[in-house]
Each structure stands twice: as C-alpha cells, then as structure tokens.
Amino acid sequence: MKRVITYGTFDLLHFGHIKLLQRAKALGDYLIVALSSDEFNAIKGKHAYHPYEERKAMLEALRVVDLVIREDTWEQKVNDVLFYHVDTFVIGDDWEGKFDFLKEHCEVVYLPRTEGISTTKIKHDLELKK
Ligand code: C2G
C-alpha cells in the first residue's frame, strides 16, 4: 500500500487541480490531501471563494482522493509524513525545490502544472464577462 500526500487550497476546483490529483494518485494506492484551512489560507495570503468544509466535501467526492486532512501550518509536513506513513510527497512544480527537506522521510515529486488554468484566471475571466 503505497501512500501519497499532497497539499493545497483547491479553491474553485478546476481541471488543473483534477489532473494534479489524478497524477498524484497514479504514484501510489492511497492519496491523502492536506487541504489548507481558511486560517492557513490567510497566512498564505489567499482568500478562497469556498470555505474549508465545502472545499473538503468537493475533494472527498473525487474517486482518486482517499482522505482529506487539514493543513494549518507550514511546519506540519514532516509530522504528517511520519504520522500517515507516507511514501511519496507530490506537488506542482511551482513549488520546485521548496520541499526537498522532506527527502529524508519520503520520495518528493514535483509535477508540471497544467497550463492555462488557475483560480486567479477563472476569477479574472469571469470579471471580464460582467
Ligand atoms: N496546480 C496545477 N495546475 C494548475 C493549478 C494548480 O497542477 N493550473 C496544482 C498546484 O501546483 C498544487 C495543487 O494544484 O500542487 C493545488 O494548487 P493550489 O490550491 O493553488 O495550492 P497552493 O496554494 O499552491 O498550496 O503547503 C503547500 C501549499 O498549501 C500549496
């Protein structure tokens, strides 16, 4: 049972998020998503459209997601990897190199982002259509 973990806000769930989660799941058998809490988003300088509980419910509805946990701090990753016996940490390559400190505990994989889609772009495009 190969266990994979990834982290993010996953607001306005879109194709880029889905492709990331599908590729993450394909790296193992069990995918954990550490979902940024509303409080942690404030720390990241992000304001999600959907509150945490709605973002969590949307992820839990996906076949490729096996467990959703909260992400409340930058520092919790090592504990999460150890506590959940994670084999692989995966995240988009916009974070390339930022989480290499996890390599002493698990495999670290940075995946290419899906071009042409982002929560920011969706909000911007909708604004233009008003
Ligand atoms: N992503 C992607 N392609 C896009 C947009 C996002 O592959 N077009 C990926 C990101 O690289 C990330 C995941 O989808 O792996 C979630 O993206 P965000 O919700 O923007 O996550 P982020 O704010 O980067 O949070 O501690 C880590 C942070 O919580 C990561």
Side-chain angles (χ1 to χ4, degrees):
M1 164 77 87
K2 200 164 173 219
R3 303 159 72 83
V4 182
I5 197 166
T6 192
Y7 291 72
T9 297
F10 293 98
D11 190 32
L12 296 177
L13 202 58
H14 57 64
F15 189 56
H17 295 137
I18 299 298
K19 285 186 70 176
L20 186 285
L21 294 168
Q22 287 174 320
R23 286 176 291 161
K25 181 58 176 280
L27 293 174
D29 311 288
Y30 189 89
L31 176 60
I32 301 166
V33 179
L35 182 61
S36 307
S37 62
D38 297 328
E39 295 77 8
F40 185 56
N41 276 330
I43 293 170
K44 290 199 289 187
K46 280 192 164 186
H47 177 73
Y49 180 82
H50 294 294
Y52 175 80
E53 286 307 321
E54 286 176 16
R55 290 183 284 116
K56 180 172 188 274
M58 289 167 84
L59 290 177
E60 287 177 334
L62 299 177
R63 185 161 39 86
V64 294
V65 174
D66 296 287
L67 177 67
V68 178
I69 63 172
R70 283 173 70 94
E71 179 186 32
D72 288 300
T73 70
W74 289 112
E75 297 77 23
Q76 70 182 74
K77 292 184 176 67
V78 171
N79 289 336
D80 292 345
V81 167
L82 298 175
F83 183 78
Y84 291 99
H85 306 286
V86 167
D87 300 287
T88 306
F89 166 90
V90 57
I91 200 161
D93 62 5
D94 44 318
W95 293 94
E96 183 79 39
K98 296 289 190 303
F99 302 114
D100 288 356
F101 62 88
L102 290 170
K103 284 183 177 175
E104 61 184 279
H105 304 289
C106 64
E107 188 188 6
V108 174
V109 176
Y110 300 102
L111 295 173
R113 280 172 68 92
T114 302
E115 294 307 317
I117 182 86
S118 69
T119 305
T120 308
K121 184 179 186 314
I122 292 169
K123 288 177 178 175
H124 177 262
D125 291 355
L126 289 174
E127 194 62 33
L128 292 180
K129 289 192 169 73
K130 272 184 180 170

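The first residue of the sequence shown is numbered 1, and numbering continues consecutively from there.
Residues T119 and D11 share a closest heavy-atom pair of OG1-O, 3.1 Å. In terms of heavy atoms, T6 sits closest to V90 at OG1-O, 2.6 Å. Minimum heavy-atom separation, A24 to L111: N-CD1, 4.3 Å.
Listed by chain and residue number, nothing satisfies the side chain to side chain donor-acceptor pair (under 3.5 Å) test with Y30 (two or more places apart in sequence, or in another chain).
Contact of the L102 side chain with the V86 side chain is not registered, since no non-hydrogen atoms from C-beta on lie closer than 4.5 Å. Proximity of C106 to K77: side-chain heavy atoms (C-beta onward) are nowhere separated by under 4.5 Å. Between L20 and T114, the closest side-chain pair of non-hydrogen atoms is not below 4.5 Å. Two residues are said to be in side-chain contact when any heavy atoms from C-beta on lie closer than 4.5 Å; L12 and H50 meet this criterion. At a threshold of 4.5 Å between non-hydrogen side-chain atoms, the residues L59 and L21 count as touching.
To the nearest 0.5 angstrom, K56 atom NZ is 10.5 Å from I69 atom CD1. Here CD1 of I43 is found 8.0 Å from OG1 of T73. Values are rounded to the nearest 0.5 Å. Rounding to the nearest 0.5 Å places OH of Y52 at 10.0 Å from CD of E71. L126 contributes atom CG, which lies 9.5 Å from atom OH of Y49 (distance to the nearest 0.5 angstrom). Within the model, atoms NE2 of H47 and OG1 of T9 stand 12.0 Å from one another, a figure rounded to the nearest 0.5 Å.
Follow the hydrophobic side-chain contacts under 4.5 Å out from L13 and you reach V68 in the same cluster. Residue V108 is not grouped with residue V4 when hydrophobic side chains (ILVMFWY) are merged at heavy-atom distances under 4.5 angstrom, including chains of intermediate members. Under a hydrophobic clustering in which Ile, Leu, Val, Met, Phe, Trp and Tyr are joined whenever their side-chain heavy atoms come within less than 4.5 Å, directly or via other members, V33 and V109 fall into the same cluster. By the criterion of side-chain heavy atoms lying less than 4.5 angstrom apart, applied directly or through intervening Ile, Leu, Val, Met, Phe, Trp or Tyr residues, I18 is not grouped with Y110; the two fall into different hydrophobic clusters. I91 and L67 fall within the same hydrophobic cluster, where Ile, Leu, Val, Met, Phe, Trp and Tyr residues are linked whenever their side-chain heavy atoms come under 4.5 Å apart, directly or through other members.
The backbone N or O of H14 sits less than 3.5 Å from a side-chain atom of H17, completing a donor-acceptor pair.
The number of heavy-atom neighbours closer than 6.0 Å to CZ of F101, taken from other residues, nucleotides and ligands shown, is above 12.
For the salt bridge (Lys or Arg N to Asp or Glu O under 4.0 Å) condition, the pairs that include at least one residue of residues 100-110, sequence neighbours left out, are K2-E107, D100-K103. For residues 24-40, the pairs satisfying salt bridge (Lys or Arg N to Asp or Glu O under 4.0 Å) are K25-D66, D38-R55, E39-R70, with sequence neighbours left out. The list of salt bridge (Lys or Arg N to Asp or Glu O under 4.0 Å) pairs with a residue in residues 114-127, not counting sequence neighbours, reads K121-D125, E127-K130. Evaluation of the ring-ring contact (aromatic ring centres under 6.0 Å, His included) test over residues 62-100, restricted to residues two or more places apart or in two chains, returns Y7-F89, F40-W74, W74-W95, F89-F99, W95-F99. Applying the salt bridge (Lys or Arg N to Asp or Glu O under 4.0 Å) test to residues at least two apart or on different chains, the pairs with a partner in residues 79-95 are D94-R113.
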**OP:** Kindly determine whether K46 and S36 satisfy side chain to side chain donor-acceptor pair (under 3.5 Å), including the steps that lead there.
**Re:** CA-CA 10 Å; K46 280 192 164 186; S36 307; over 6 Å; no
